[in-house]
Amino acid sequence: MAPRHPLRLAAFALAFSALAGTGFAEEPGTTQTDKPQIDRPLGVVELFTSQGCNSCPPADAFFAELAAKDNVVALAYHVNYWDYLGWQDTLSSKDNTDRQYDYMRAFGTRSVYTPQAVINGRSHVNGASRKEVDGALARMEKSGEGMRVSVKVSRTSDRVMIDAGDAGSGPSDAHVVIVYFEPPQTVTIAKGENTGRSMTYWNAVTGIQTAGMWHGKAQRYELPMTEIAKKGGCAVLLQSVGKDGLPGPILGAAFIHKP
């Protein structure tokens, strides 16, 4: 479903305070590694969706399957430009819409649509098409456009450590992006194009923040556990960003599990 009215939205600019460096001392016997942990998942699927879009329920249902997989980092960005159709998406935000428009500019396309699935920050497909999403993930893994850099997450009682691996001869710069999301929740839609539907939404994004820079070499980043614990859930993306500030390929990713 494509929007009927063009939007002019600025790129998101969010900051997040975090310590970065190598050789952090760990408290003996207190460090825990999130389990199960996959250092290099199959890929990252970012679904742009809306409760007010009648084309989105099949994509939301398929996304729930992706969100249940251990080897896929699945994130749902609810956009707000369909609210005028009669139902205000209870999980939408302008920041989510801004991210979709940033991808539009990065891909050189002229419009956005829902349901749109961005795969590994590299290309987009119909988010309701299992064949297209699965095909893009498999194709990128085979071609070397999957998760090339390992990302490991561990924690102590008061902090989360994110260890980004070495890129070897690959890309040398990326942002360490923290994406917060809600736990699964069921919404009954009372108005608009999906009137009467009751949908359970998974991993609905509530915030995007940058925790630091990665320059191609193994690096550790620390986040306070208090910040993680008060969120529904979060993921870390190692994402390259162009000189124009637009999002680029995602090189590594992992979920940060709450204790």
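Note that the coordinates shown come from a computational prediction; the quantities given were computed from them, not determined experimentally.
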Distance-only donor-acceptor check, side chains [X] and [Y], under 3.5 Å:
X	Y	answer
Tyr81	Gln100	yes
His78	Tyr201	no
Thr114	Thr49	no

With sequence neighbours excluded, give me every salt bridge (charged side-chain N to carboxylate O under 4.0 Å, His left out) pair touching residues 127-141.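 The answer is Glu65-Arg130.
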Test: salt bridge (charged side-chain N to carboxylate O under 4.0 Å, His left out). Region: residues 46-60. Which pairs qualify, not counting sequence neighbours?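 As it turns out, the salt bridge (charged side-chain N to carboxylate O under 4.0 Å, His left out) pairs with a partner in residues 46-60, which skip direct neighbours, are Glu46-Arg99.
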Taking all atoms of both residues into account, what is the closest heavy-atom pair of [X] and [Y], and its distance?
X	Y	answer
Pro247	Gln239	CB-NE2, 3.5 Å
Leu66	Val72	O-CB, 4.1 Å
Val73	Pro41	CG2-CG, 4.1 Å
Pro57	Arg197	CB-NH1, 3.6 Å
Arg122	Glu145	NE-O, 3.0 Å

Within the 6.0 Å centroid threshold, strictly below: His124 and Tyr103: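 They do not qualify: ring centres at least 6.0 Å apart.
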Would Trp214 and Tyr221 satisfy side chain to side chain contact (heavy atoms under 4.5 Å, CB included), going step by step from the backbone distance to the final call? CA-CA 9 Å; Trp214 172 82; Tyr221 307 85; 3.3 Å; yes
Strictly distance-based, threshold 3.5 Å: is any side-chain N or O of [X] a donor or acceptor partner for the main-chain N or O of [Y]?
X	Y	answer
Trp82	Leu85	no
Asn203	Ala74	yes
Ser240	Pro249	yes
Ser129	Asn126	no
Thr210	Gly212	no
Asn120	Val44	yes

Would you please name every residue forming a side chain to side chain donor-acceptor pair (under 3.5 Å) with Trp87, sequence neighbours left out?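 Trp87 satisfies side chain to side chain donor-acceptor pair (under 3.5 Å) with Gln51 only.
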Residues in side chain to side chain donor-acceptor pair (under 3.5 Å) with Asn96, at least two apart?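 Residues passing side chain to side chain donor-acceptor pair (under 3.5 Å) with Asn96: Ser93.
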Using 30° and 60° as the class limits, which term best fits the ring planes of Tyr77 and Phe48: parallel, tilted or perpendicular?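 Answer is parallel, since the angle falls under 30°.
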Could you pull out all residues at least two apart from Phe62 that satisfy ring pair (Phe, Tyr, Trp, His ring centres under 6.0 Å)?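 Not a single residue meets the ring pair (Phe, Tyr, Trp, His ring centres under 6.0 Å) criterion with Phe62.
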Would you please name every residue forming a ring pair (Phe, Tyr, Trp, His ring centres under 6.0 Å) with His175, sequence neighbours left out?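 Once residues adjacent in sequence are excluded, His175 has no partner under the ring pair (Phe, Tyr, Trp, His ring centres under 6.0 Å) criterion.
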